[in-house]
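Report on the structure given below.
Reckoned from all heavy atoms, side chains included, excluding hydrogens, waters and symmetry mates.
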Amino acid sequence: MSTTSIQLPFLRSDGLAQARRRIEKAVSRRREIAVMIVHLRDVESVCASVGHERCRTVLDDFHARLMAIARNEDAVERIDDRKFAVLLSGMSNRAHVGLAAKRIERLAREASGDHGLEPGFTSNIGIALCPAQGREAAELLRFAEIASIDGRNSGTPAEFFEARSADRMFADWGMERRLDSALNGGDLELYFQPKLCLRTNRIAGAEALLRWQEPEIGPISPAVFVELAEATGQIAELTQFAIQNACRRRSESTAAGPDWNVAVNVTPSTIRTPAIVDWVESATRIWNVRPSCLTLEVTESALMEDQQASHAVLTRLREIGARVAIDDFGTGFSSLAYLKQLPADELKIDRSFVVGMHDDPDDYKIVEHVIGLARSFGLSVVAEGVENADVLQELRALGCDYAQGYCIHRPVPFAAFEEFAVSYATPATD
C-alpha cells in the first residue's frame with residue numbers, strides 16, 4: 001500500500017469536535033451506540049459534469065435528508081462537504097446497524113437522482129460499535145474512519161471496524177519508524193489550551209497537548225500516535241518529550257505571570273512507572289522551573305487499574321512538588337473512600353457533563369456535586385469542555401475554580417498562547 005494513496009484516519013473540523021462531544025455524552029450515560037463515518041464518493045466527477053454550485057446543492061440536500069431520518073437520540077455532524085459523522089444511539093446489533101447503513105446508501109442515490117444526476121454520488125460508510133470496540137470518542141471515530149478506508153479498498157459500501165485492519169495499516173505505513181523520526185526530528189509540537197481562573201478572570205495556565213504534522217502524511221491524531229507509542233514501547237520517549245518541552249516553554253514564558261501552571265497528560269501505563277519522577281525532576285532542573293508549576297494529568301479510570309502502583313508514583317510526584325490532576329472525573333467508579341485516599345490536587349470534570357449542563361438538569365447536578373465534593377476534600381476543580389458564556393457563568397456561580405474550552409480559547413502554538421494570555425490580562429482601553 002502506498003503511503004500517498006490514502007489519508008490516515010485523521011479528522012478535523014468543528015463538526016468533528018461536536019460529534020466527539022455527542023459521543024462522549026452518550027458513552028458517559030452507558031449507552032450502546034454505533035458511530036459511522038459517511039464519505040460521499042465521485043464528488044469530483046459530479047462537479048466536473050454539472051458545476052460546483054449545483055454539486056454543492058446536492059451535497060446540502062443529502063445532508064438535510066440525513067438529518068431528517070435521525071431520531072431524537074441520534075446525531076449527525078458534517079465534517080466537511082463530503083464527509084459526515086453519524087451517531088446512532090441504542091444500536092449495538094450489527095444487523096440493525098447494517099440496515100441503517102443501507103438506508104444512508106439509498107439517501108445518497110436518491111439525492112443524486114432527484115437532482116437529475118446520473119450517475120451521481122455513491123457512499124462509503126465505516127462503522128464502529130460502543131462498547132464492543134471502544135469507549136473513547138476519538139477512538140471510535142478513528143475506528144470508523146479505518147473501517148471506511150478498509151471498505152473503500154475492498155469495494156464494500158459499508159464496513160464494520162476490525163482490529164486487524166488497523167494493525168495492517170500501521171504496518172503498511174511504517175508508523176513506528178515515522179514516530180521515531182518525529183521524536184528526533186522536530187515534527188512533534190506542543191499546543192497550549194489556556195486555563196482561566198474564574199476568581200481572578202486571568203489565565204492561570206495551560207494544558208500542553210501534543211500535535212504531530214507528519215511530512216508525507218500530514219497531521220496525525222493524538223489518539224492514533226499515543227496508542228501507537230504504547231504498542232511499540234515508545235511511550236516513555238513520548239512522555240519525556242512532552243514533559244521536557246512543557247517545562248522549556250514554561251521557562252520561556254513571561255506573558256501569563258510568574259505562577260502560571262502547565263499541565264501534561266500521562267497515560268495509564270506511564271503513571272505506574274516510577275521513572276516518571278526522575279523525568280519530572282530532570283526537566284524542572286534543566287529548565288529551572290519550580291515543580292509546582294507542572295501538573296501531571298491522569299484519568300480517573302487509569303488509577304483504578306493498579307491502585308497501589310499508581311498511588312505510589314503520584315505520592316512521589318507530589319513529594320517533589322509537582323501537582324497531580326485527575327482527568328475525566330465523573331466517568332469512572334471512584335467511591336468516597338477511594339477519593340479520600342487519592343494523592344491529588346485537582347479534579348477535572350469530564351467535558352461530557354460540562355457541555356450540556358446549561359440545558360440538561362442532570363448534567364448540572366453532576367457538575368454541582370463534583371464541585372462540592374472537591375471542595376470538601378480540599379481539591380481545586382477544572383471544568384473542561386466549556387463551549388459558551390452561559391456555561392461559564394454557571395460555573396462561576398457554582399464556585400468552580402478554573403475553566404477550559406473553546407469558549408475561552410482552542411489549543412494553539414506557544415507563541416499564540418502567549419499573545420492571547422497577554423491580551424486577556426490587559427484591561428481594555430477607550
Side-chain angles (χ1 to χ4, degrees), residues 20-21 23-30 130-131 133-142 193 195 206-210 221-231 235-236 238-239 242-243 246 261-273 276 279-280 294-318 322-336 338-355 366-367 370-371 373-374 377 379-386 402 404-405 411:
R20 188 195 68 241
R21 290 191 288 272
I23 295 168
E24 287 170 345
K25 192 164 187 175
V27 171
S28 72
R29 294 178 175 179
R30 308 292 191 268
C130 170
Q133 297 174 325
R135 294 178 180 272
E136 298 292 331
E139 180 181 61
L140 289 165
L141 286 164
R142 180 170 66 85
Q193 184 167 34
K195 185 165 71 173
E207 181 178 355
L209 301 162
L210 279 167
S221 166
V224 173
F225 66 75
V226 171
E227 182 179 331
L228 172 67
E230 288 274 21
I235 193 63
L238 195 66
T239 305
I243 292 173
N261 183 280
V262 60
V264 175
N265 290 284
V266 181
T267 65
S269 64
T270 307
I271 204 59
R272 298 190 295 270
T273 305
I276 191 175
W279 304 343
V280 169
L294 179 68
T295 295
L296 287 305
E297 293 189 5
V298 58
T299 61
E300 179 186 10
S301 57
L303 298 178
M304 304 300 290
E305 295 180 16
D306 188 340
Q307 293 184 28
Q308 186 174 356
S310 60
H311 280 212
V313 173
L314 294 180
T315 299
R316 281 288 298 125
L317 287 168
R318 297 184 75 211
R323 289 175 56 83
V324 171
I326 309 306
D327 202 5
D328 299 341
F329 189 80
T331 60
F333 305 96
S334 298
S335 66
L336 288 177
Y338 174 74
L339 186 60
K340 179 181 178 181
Q341 301 167 8
L342 197 61
D345 305 280
E346 182 176 281
L347 297 183
K348 297 192 75 173
I349 308 174
D350 186 70
R351 69 176 64 245
S352 62
F353 304 119
V354 176
V355 166
I366 290 172
V367 172
V370 172
I371 292 172
L373 192 64
F377 284 104
L379 303 172
S380 59
V381 187
V382 181
E384 53 182 350
V386 181
Y402 304 99
Q404 181 181 328

TODO: Please test Leu210 against Asn265 for side chain to side chain contact (heavy atoms under 4.5 Å, CB included), starting from the C-alpha separation and ending with a verdict.
DONE: CA-CA 9 Å; Leu210 279 167; Asn265 290 284; over 6 Å; no
Task: Trace of the side chain to side chain donor-acceptor pair (under 3.5 Å) decision for Glu230 with Ser269 - done: CA-CA 8 Å; Glu230 288 274 21; Ser269 64; 2.8 Å; yes
Heavy-atom pair of closest approach, residues [X] and [Y]:
| X | Y | result |
| --- | --- | --- |
| Leu379 | Glu346 | CD2-N, 4.1 Å |
| Leu238 | Phe225 | CD2-CD1, 4.0 Å |
| Trp279 | Ile243 | O-CG2, 4.2 Å |
| Val280 | Ala322 | CG1-CB, 4.3 Å |

With [X], which residues qualify under side chain to side chain contact (heavy atoms under 4.5 Å, CB included), at least two apart?
| X | answer |
| --- | --- |
| Arg318 | Val324, Pro343, Asp345 |
| Ala137 | Arg20, Ile23, Glu24 |
| Thr273 | Ala275 |

- [ ] In sequence, state the C-alpha distance, the side-chain angles, and the governing distance for Thr299 and Ile326, and then conclude on side chain to side chain contact (heavy atoms under 4.5 Å, CB included).
- [x] CA-CA 5 Å; Thr299 61; Ile326 309 306; over 6 Å; no
First locate atom [atom1] of [X], then atom [atom2] of [Y], and finally report the distance between them rounded to the nearest 0.5 Å.
| X | Y | atom1 | atom2 | answer |
| --- | --- | --- | --- | --- |
| Leu317 | Thr295 | CG | OG1 | 10.5 Å |
| Lys348 | Gln404 | NZ | CD | 4.0 Å |
| Ile366 | Leu373 | CD1 | CG | 12.5 Å |
| Arg272 | Gln308 | CZ | CD | 12.5 Å |
| Ile276 | Thr270 | CD1 | OG1 | 6.0 Å |
| Ile271 | His311 | CD1 | NE2 | 10.0 Å |

Open item on the list: Quick check on side-chain contact (heavy atoms from CB on, under 4.5 Å): which of Val382, Val386, Val381 does Tyr402 satisfy it with?
Closed with: Val382
